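Below you'll find the structure, written out as structure tokens, and then a few comments.
Heavy atoms only: backbone and side chains are in, while hydrogens, waters and symmetry mates are out. Every value quoted in this text rests on a predicted model; they were computed, and no experiment measured them. Residue numbers start at 1 and run along the sequence shown. We count ligands from 1, going down the list as the structure has it; atoms in each ligand are counted the same way.
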Amino acid sequence: MKILKSMLLIATAMMVVVSCESKKDSPTNKIQKILALYYSQTSNTKTVAQEIATRLHADIEEITMVNPYNGDFQNTIERCIQEREQGIIPEIQPVVSDIANYDVIFIGYPIWFGTYAPPIAAFLDKVDLSGKKIVPFCTFGSGGLESSVKNLIEQQPHAEVLSGYGIRAARLDEAPNEIDQFLKANGFLEGEYVQLADFPEQHPVNKDEADIFDSAVGNYPMIHATAKTVAVRTIPEGMEYLFTAIDLPRENDPKLPPTGEMQVYVTVANGKAPVFTKVIR
Ligand SMILES: Cc1cc2nc3c(=O)[nH]c(=O)nc-3n(C[C@H](O)[C@H](O)[C@H](O)COP(=O)(O)O)c2cc1C
């Protein structure tokens, strides 16, 4: 118990509050013009885009389609699969904002099939973002920020692409606070933010940790996995766990092959049930 307490104290000490000066309008930097450009089918990403634009007093524009997806999940999946099979990137309406006028462009999207939704691929296909600072942001069911950022860099190799911000649709209520911290940590807003310590080495999961994992992912249909190893760190609201987990074979659909190893981030806020925040496959 004593050892556990001192480990917690060390972990807490490693979580530091940092103060930062905004790059947007600090006297040493020229004022940066910022655009928040986004596509959103069911408004989750729109909510995040509005939050970012309001906090930064940035311009905001929604990307719309010539022939929009109809908002129905199954129908959208089926149309996307067809489009992918036929190599079709759906057409979007012209973007009204003059991209050349902006230094920083926040690009927002829902994750579809592990990357940005096709209307964003269509935009990235048409535009040259060389020399621009790009800040990706997204909403997702379980994850996809990292893979989408990798694809964005491949599609716009001469842009400066930040690692971005992503949030599960189920955790949208947490977005205002997380966005505030993200904008401060990246110098877009002045003020204090918490810099978390790196996760320590992973260790094999014990029974309590396995229960935390199962409780966090148990009801989520897309994750059918067992936790193998974990690392734990302190966060302002409680503890954060980074699990390495392995897909289990699916009894009800044995034809679906296991997808291998995944990283699952889980937070346990004081007094609350475990929640997973993202999965990286
Ligand atoms: C066609 C389609 C594919 C999706 N694919 C994924 C996916 O691969 N991974 C994921 O975590 N969520 C996936 N989702 C969930 C969406 O990313 C999530 O609901 C998102 O918040 C929707 O954003 P929006 O309300 O801005 O449209 C998918 C949703 C749809 C409609």
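Between S40 and ligand 1, at least one pair of N/O atoms sits closer than 3.5 Å. Between G114 and ligand 1, at least one N/O pair is under 3.5 Å apart. Considering backbone and side-chain atoms alike, A169 places every N or O at 3.5 Å or more from each N or O of ligand 1. Between S43 and ligand 1, at least one pair of N/O atoms sits closer than 3.5 Å. Checked against a 3.5 angstrom limit, the closest N/O atoms of F113 and ligand 1 fall inside it.
The nearest protein atom to atom 22 (C) of ligand 1, hydrogens excluded, is given as P110 CB, 3.6 Å; this is a heavy-atom distance. When hydrogens are left out, the protein atom nearest atom 21 (O) of ligand 1 is T139 OG1, 2.7 Å; that is the closest non-hydrogen contact.
Cation-pi check for R168 over F140 is not met; the charged atom does not lie both under 6.0 angstrom from the ring centroid and within 45 degrees of its normal.
If you number the atoms of ligand 1 from 1 as listed, the ones under 4.0 Å from a heavy atom of F73 come out as 29 (C), 30 (C), 31 (C). Residue G143 approaches ligand 1 through these ligand atoms, each under 4.0 Å from one of its heavy atoms: 9 (N), 10 (C), 11 (O). Listed by number with element, the atoms of ligand 1 under 4.0 angstrom from any heavy atom of Q41 are 24 (P), 26 (O), 27 (O), 31 (C). Atoms of ligand 1 lying under 4.0 Å from any heavy atom of T45, numbered from 1 in the order shown and given with element: 23 (O), 24 (P), 26 (O). Under a 4.0 Å criterion applied to the non-hydrogen atoms of N44, ligand 1 contributes the atoms 20 (C), 21 (O), 22 (C), 23 (O), 24 (P), 25 (O), 26 (O).
A donor and an acceptor atom, one from each side chain of E61 and S97, are located under 3.5 Å apart. Residues Q181 and Y165 have side chains that never bring a donor and an acceptor to within less than 3.5 angstrom of each other.
The hydrophobic cluster containing Y265 also includes F199, L242, I280, under a criterion of side-chain heavy atoms closer than 4.5 Å among ILVMFWY residues, counted directly or through chains of members.
Neither the backbone nor the side chain of Y109 comes within 4.0 Å of ligand 1, counting heavy atoms alone.
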TODO: Mind running side chain to side chain contact (heavy atoms under 4.5 Å, CB included) on R55 and L183 for me, showing each step along the way?
DONE: CA-CA 9 Å; R55 281 173 194 263; L183 295 177; 4.0 Å; yes

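Hydrophobic clustering (side-chain heavy atoms under 4.5 Å, transitive across Ile, Leu, Val, Met, Phe, Trp, Tyr) groups I111 together with L152. No continuous path of ILVMFWY side-chain contacts below 4.5 Å connects V127 to V66, so the two sit in separate hydrophobic clusters. At a threshold of 4.5 Å between side-chain heavy atoms, the hydrophobic network of Ile, Leu, Val, Met, Phe, Trp and Tyr places I153 and L37 in one connected group.
Here the shortest heavy-atom distance to atom 16 (C) of ligand 1, taken over V279, D72, I111, belongs to I111.
Environment of CG in N219: sparse, with no more than 12 heavy atoms of neighbouring residues, nucleotides or ligands closer than 6.0 Å.
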